[in-house]
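Step one of this worksheet: look at the structure below.
Values reported hereafter were calculated over all heavy atoms of this structure, with side chains retained and with hydrogens, waters and symmetry mates removed. Remember, it's 1-based here, ligands and their atoms both numbered in the order they're listed.
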Amino acid sequence: MAEISIFVGSVYGGAEELAFTLAEEIKSNNHQSQVYLPGTVNDVKNATHLLFVTSTTGAGDIPAELEALYLELNNQFPMLTNIPYGIITLGDSSYDDTFCGAGRKIDLLLQELQAMSCIEKLEIDACEDFEPDKPALIWLKSFLKAF
Ligand SMILES: Cc1cc2nc3c(=O)[nH]c(=O)nc-3n(C[C@H](O)[C@H](O)[C@H](O)COP(=O)(O)O)c2cc1C
């Protein structure tokens with residue numbers, strides 16, 4: 001059984017709602033999870049399994065509260081060596097170059113902190129998937145098998 005720490009960034013609530021849906025599904029798969037909105041550097045450092053669920057705002061930006069955590073992580077630079085992580089990003093492909101930029105930034109930082117990407121991040125396009133739960137729950141199955 002794994003304990004998965006879910007860090008959430010959301011502006012209008014879509015990513016937050018998705019995070020709680022994922023937490024329920026994690027429980028049904030006999031694992032545990034904790035949702036952080038958005039949590040602290042210590043919460044990240046103490047995690048055994050990391051899952052970031054974030055939308056993208058502005059021009060490829062991380063929603064404000066999660067961005068504050070991202071900046072703290074970038075400043076303190078705690079090594080997260082070999083901690084498995086996954087990322088789900090909500091975005092909209094009509095934003096072209098900045099599509100799902102929030103998840104891409106978080107992915108780069110986690111790689112720099114030596115965390116272990118155990119599965120390719122999921123980018124959900126609001127233009128294609130009106131219900132983010134569907135692709136996210138399929139992805140979650142693979143994520144739970146990947147560590
Ligand atoms: C003001 C604004 C800026 C956005 N900027 C981007 C962006 O740069 N890239 C992207 O992929 N999606 C962008 N989006 C789309 C959102 O990420 C997408 O609608 C997401 O589903 C919102 O999730 P939330 O309800 O958790 O905030 C933007 C949406 C808004 C309203």
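S94 and D92 share a donor-acceptor pair across their side chains, judged by distance under 3.5 Å alone.
Residue contact check: V11 has heavy atoms under 4.0 Å from atoms 24 (P), 26 (O), 27 (O) of ligand 1. The atoms of ligand 1 that sit less than 4.0 Å from any heavy atom of G60 are 7 (C), 8 (O). For ligand 1 and G91, the ligand atoms under 4.0 Å from any heavy atom of the residue are 10 (C), 11 (O), 12 (N), 17 (O). Under a 4.0 Å criterion applied to the non-hydrogen atoms of S55, ligand 1 contributes the atoms 17 (O), 20 (C), 22 (C), 23 (O), 24 (P), 26 (O), 27 (O). Residue T98 has at least one heavy-atom neighbour below 4.0 Å for each of these atoms of ligand 1: 7 (C), 8 (O), 9 (N), 10 (C), 11 (O). Each of the atoms 24 (P), 25 (O), 26 (O) of ligand 1 lies under 4.0 Å from some heavy atom of G14.
For G101, no nitrogen or oxygen atom sits less than 3.5 Å from a nitrogen or oxygen atom of ligand 1, counting backbone and side chain alike. Considering backbone and side-chain atoms alike, E16 places every N or O at 3.5 Å or more from each N or O of ligand 1. Ligand 1 has no N or O atom lying under 3.5 Å from any N or O atom of G9, backbone or side chain. Ligand 1 has no nitrogen or oxygen under 3.5 angstrom from a nitrogen or oxygen of D61. Residue A126 has no N or O atom closer than 3.5 Å to an N or O atom of ligand 1. No N or O atom of A59 sits closer than 3.5 Å to an N or O atom of ligand 1.
With a heavy-atom cut-off of 4.0 Å, Y12 touches ligand 1 through backbone and side chain alike. Both the backbone and the side chain of A15 come within contact range of ligand 1, each with a heavy atom under 4.0 Å.
The nearest heavy-atom contact from the protein to atom 2 (C) of ligand 1 is Y95 OH, 3.4 Å. In terms of protein heavy-atom proximity, atom 21 (O) of ligand 1 is closest to L90 CB, 3.7 Å.
In this structure, F77 places its CZ atom where more than 12 heavy-atom neighbours from other residues, nucleotides or ligands lie under 6.0 Å away.
Scanning all heavy atoms of the two residues, the minimum distance from A15 to S55 falls at CB-N, 3.8 Å. Residues L37 and E16 approach most closely at CD2-CG, 3.9 Å, considering heavy atoms. Of all heavy-atom pairs spanning P132 and P135, the tightest one is O-CD, 3.3 Å. Minimum heavy-atom separation, P78 to L113: O-CD2, 3.4 Å.
Atom 25 (O) of ligand 1 is flagged as protein-proximal [any protein heavy atom, distance under 4.0 Å].
The existence of a salt bridge linking K105 and E67 is excluded, since no basic side-chain nitrogen approaches an acidic carboxylate oxygen closer than 4.0 Å.
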side-chain contact (heavy atoms from CB on, under 4.5 Å) between Y36 and I6: does it pass, once the steps are laid out?
CA-CA 6 Å; Y36 294 95; I6 307 176; 5.9 Å; no

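Legend: residues meeting side-chain hydrogen bond (donor to acceptor under 3.5 Å, both in side chains) with Q76, ordered by chain and number and at least two apart, are E72.
Within the 6.0 Å centre-distance limit, the rings of F147 and H49 are counted as a close aromatic pair.
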